[in-house]
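Because the structure is predicted, anything quoted here is derived from the model rather than measured. Proteins come first, then strands; the chains are lettered A, B, ... in the order of their sequence lines, and each starts at number 1.
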Amino acid sequence: MSFKFSRAQRIRSRSDFAYIYEHGQLYKDEFFRVFYVRKHPPEPGRLGLSISKKLGKAHVRNRIKRIIRETFRLHPELTGRLDLIVQPRSTAATLSNEQLRQRFVEALIALRENR
RNA sequence: CGAAGGCGAAUGGUCCAGGCGAAGCCUGGGGAGGAAAGUCCGGACUCCACAGGGCAGGCCGCUCGCCGCAAGGCGAGAAAGAGCGAUCUUUGGAAAGUGCCACAGAGAAGAGACCGCCAGCGGCCCAAGCUCCGCCAGACUUCGUCUGGACUGUUCGCCUUGGCCAGCCGUAGGCUGGCCAAGAUGAGCAGUCAAACGGAGCUUGGGCCCGGCAAGGGUGAAACGGUGGGGUAAGAGCCCACCGCCCCGCUCGUGAGAGUCGGGGGCACGGCAAACCCCGGCCGGAGCAAGACCAAGUAGGGGCACACGGGGGCCGUAAGGCCCCCUAAGGGUGGCCCGCCCGAUGUGCCCGGGUAGGUCGCAUCAGAGAGAUGGCCCUCACCGGGGCUUCCCCGGCACAGAAUCCGGCUUAUGCUCCUCUUCUUUUU
RNA sequence: GCUCCCAUCGUCUAGUGGCCCAGGACGCUGGUCUCUCAAGCCGGAAACAGGGGUUCGAAUCCCCUUGGGAGCG
């Protein structure tokens with residue numbers, strides 16, 4: 001099985017973002033806000049990231065994005081059939097890499113049970 | 001993540017052929033920085049109907065040389081300042097003009113006289129002494145001579161000091177008014193004693209006014225040369241010597257500047273230009289979300305208004321600067337003027353409608369287009385700590401990440417290496 | 001990414017080189033008033049984002065840093 005993060009797995013167009021913000025559901029916890037939409041013809045999940053400059057300088061935001069993307073790639077069983085837009089909150093910048101991974105997996109599990 | 005290559009063939013355009021060729025899959029060279037950062041200066045590039053001259057504005061500023069369009073950098077120097085020193089910091093013009101220099105202080109820019117010092121001349125007042133005249137009293141040696149002409153009390157006015165009270169402003173405290181006490185002084189009245197004062201001149205001392213001085217005190221961030229001598233009523237570059245300063249010349253240096261040089265000048269010329277400004281150099285404006293092309297879509301939309309374009313005073317050809325009135329006077333030249341250009345066209349306002357896609361710009365092998373360059377493990381090197389020390393264990397390794405590119409500046413930073421020098425300590 | 005703007009008591013602000021160890025309002029706080037609270041009256045604390053420079057003197061002028069905010073086809 002491939003763990004690539006192909007272009008099809010990314011939310012890219014402005015209209016897709018607008019649709020998910022408009023029609024999606026919202027999950028919130030201490031570290032993330034996640035907008036998500038369940039797709040009825042089952043398709044691979046897609047991910048969009050939105051990080052405010054308030055979280056830190058460019059290298060800090062890059063680290064958070066990489067860890068979230070990595071977690072998304074490694075857990076297709078949690079993200080299938082979902083379009084996600086993840087907004088990390090400013091508390092996420094204080095987490096270590098390992099903590100960030102764990103918290104995001106926990107968030108995805110909570111999100112699945114919330115359906 | 002990905003240039004490139006291979007497999008792949010949907011779909012599109014064409015009458016046909018030929019050719020182009022998306023997604024997906026495979027291989028895959030290569031893949032963050034010295035600051036990629038801040039966006040503080042520049043440049044390339046693109047557009048702005050854009051050939052030129054200017055106004056305004058911006059940036060830069062010791063000298064010479066080199067590199068550069070420029071910003072800036074490098075090297076060698078100059079002056080001033082800091083430091084024991086190595087070294088570091090600063091840099092056009094204040095004698096073109098305008099402006100500012102609070103408070104304090106006498107005076108803040110061709111300044112000033114508060115305290116202070118002062119001879120002579122001058123004016124006024126007071127005190128003391130002497131001389132003279134008149135007046136009074138007494139004594140005596142009787143045409144006159146000698147001696148003396150003061151003190152005390154009280155009333156009123158004014159001044160000073162102290163105390164108390166009231167009002168006002170206030171942190172202290174101050175101002176105004178009233179009362180009391182003391183002192184000084186002027187006028188009136190009274191008393192004592194033998195008697196109860198007037199004038200003129202000179203000298204000395206004191207006070208005030210007019211006047212001379214700018215040495216000293218004091219204020220300030222800053223006070224219009226310093227030291228010594230002469231000089232004077234007291235003083236002063238008033239004069240002199242030395243030091244300092246300014247100007248001119250000469251010499252040296254390409255120059256900023258320098259000189260134990262020569263001459264002149266008694267000396268004036270304070271600070272601020274990161275205040276306006278002046279001088280010199282450079283710059284047209286905006287910015288890759290610039291801009292170009294393709295596709296789709298709309299409409300070659302409708303209505304109303306406007307049509308050479310203000311006036312006056314001073315400097316200037318004009319922009320511009322200062323002041324006033326009237327008001328919104330085609331548009332473009334992307335701050336403005338001249339000039340130039342457009343004009344069945346342009347602008348302003350109102351109403352209505354459409355797009356939010358793609359490609360290029362966009363990279364000399366980093367390069368996307370919701371934005372890659374990552375995580376974990378192993379090994380080695382380095383740094384710190386510890387231990388059972390040819391080894392082992394634990395921890396650490398910064399600042400921070402391209403989005404058109406390039407040149408600088410500034411700021412943030414861990415470790416390693418190299419070169420030169422100073423100071424301190426120790427040893428010799 | 002590019003181009004700009006702003007920062008003064010807890011909040012809103014005044015200030016445009018010296019009169020400012022920074023003024024005002026609301027809020028906070030101590031006292032007074034009241035049976036109590038509020039209002040009123042009297043008083044107090046509280047700020048120039050940070051650093052460096054120019055100047056005799058900086059909230060103000062210049063530079064750097066930090067933190068907020070706005071615009072763009």
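Base pairing annotation: B/rC168 forms a Watson-Crick or G-U wobble pair with B/rG174, both donor-acceptor distances under 3.5 Å. Across all strands shown, B/rA274 forms no Watson-Crick or G-U wobble pair with both key distances under 3.5 Å. The pairing partner recorded for B/rA71 is none, the criterion being a Watson-Crick or G-U wobble arrangement whose two distances lie under 3.5 angstrom. Across all strands shown, the partner of B/rC45 is B/rG287, judged by Watson-Crick or G-U wobble contacts whose two distances both fall under 3.5 Å. Applying the Watson-Crick and G-U wobble criteria (two distances, each under 3.5 Å), B/rC140 pairs with B/rG144. Across all strands shown, C/rG43 pairs with C/rU29; the Watson-Crick or G-U wobble distances both stay below 3.5 Å. For B/rC420, there is no paired nucleotide, since no Watson-Crick or G-U wobble pair has both relevant distances below 3.5 Å. Across the strands present, B/rA258 finds its partner in B/rU251; the criterion is a Watson-Crick or G-U wobble pair with both atom distances under 3.5 angstrom.
In terms of position on RNA chain B, the residue among A/K65 and A/N62 whose nearest nucleotide sits closer to the 5' end is A/K65. Both A/E70 and A/V60 lie close to RNA chain B; mapped to their nearest nucleotides by heavy-atom distance, the more 5′-ward contact belongs to A/E70.
Minimum heavy-atom separation, A/I64 to A/L100: CA-CD2, 4.0 Å. Closest heavy-atom contact between A/V86 and A/L47: CG2-CD1, 3.7 Å. In terms of heavy-atom proximity, A/R89 sits nearest to A/E30 at CD-O, 3.8 Å.
The CZ-P distance, from A/R73 to B/rA372, rounds to 13 Å in whole Å. Protein atom CD of A/E98 is 8 Å distant from nucleotide atom P of B/rC376, rounded to whole Å. Nucleotide B/rG375 holds its C1' atom 17 Å from the CZ atom of A/F72, rounded to whole Å. When rounded to the nearest whole Å, the span between NE2 of A/H59 and P of B/rA32 equals 18 Å. Taking atom NZ on A/K57 and atom P on B/rA35, their separation rounds to 18 Å, with Å as the unit. One atom, CG of A/N97, and another, P of B/rG374, lie 12 Å apart when rounded to the nearest Å. Between the CD1 atom of A/I64 and the P atom of B/rA400 there is a distance of 15 Å, rounded to whole Å. The nearest whole Å value for the distance from the CZ atom in A/R61 to the P atom in B/rA403 is 12 Å.
To the nearest whole angstrom, the two C1' atoms, one in C/rU55 and one in B/rC272, are 7 Å apart. Between the P atoms of B/rG13 and B/rC351, the separation comes to 43 Å (whole Å). Comparing B/rG346 with B/rA318, their P atoms sit 34 Å apart, to the nearest whole Å. B/rG99 and B/rC55 have their C1' atoms separated by 25 Å, with the value rounded to a whole Å. Taking the P atom of each, B/rA221 and B/rG57 are spaced 37 Å apart, rounded to whole Å. Rounded to whole Å, the C1' atom of B/rG257 lies 34 Å from the corresponding atom of B/rC100. The separation of B/rG371 from B/rG24, taken at their P atoms, amounts to 15 Å, rounded to a whole angstrom. Comparing the C1' positions of B/rA200 and B/rC135 gives an interatomic distance of 15 Å, to the nearest angstrom.
Under a 3.5 Å cut-off, the side chain of A/R63 and the backbone N or O of A/S96 do not form any donor-acceptor pair.
The pair A/E98-A/R101 counts as a salt bridge, with a side-chain nitrogen and a carboxylate oxygen less than 4.0 angstrom apart.
Here A/F35 contributes atom CZ and A/K28 contributes atom NZ; the two are 9.0 Å apart, rounded to the nearest 0.5 Å.
A syn base is found at B/rG34: its glycosidic angle is within 90° of 0. Glycosidic torsion of B/rA32 falls within 90° of 0, placing the base in syn. In textbook terms, a nucleotide whose glycosidic angle is within 90° of 0 is syn, while C/rA14, being further out, is anti.
Contact of the A/F31 side chain with the A/L95 side chain is registered, since non-hydrogen atoms from C-beta on lie closer than 4.5 Å.
Between the side chain of A/R66 and the base of B/rG401 there is at least one donor-acceptor pair of N/O atoms closer than 3.5 Å.
Across all strands shown, A/R101 has heavy atoms under 4.0 Å from sugar-phosphate atoms exclusively, and none from any base.
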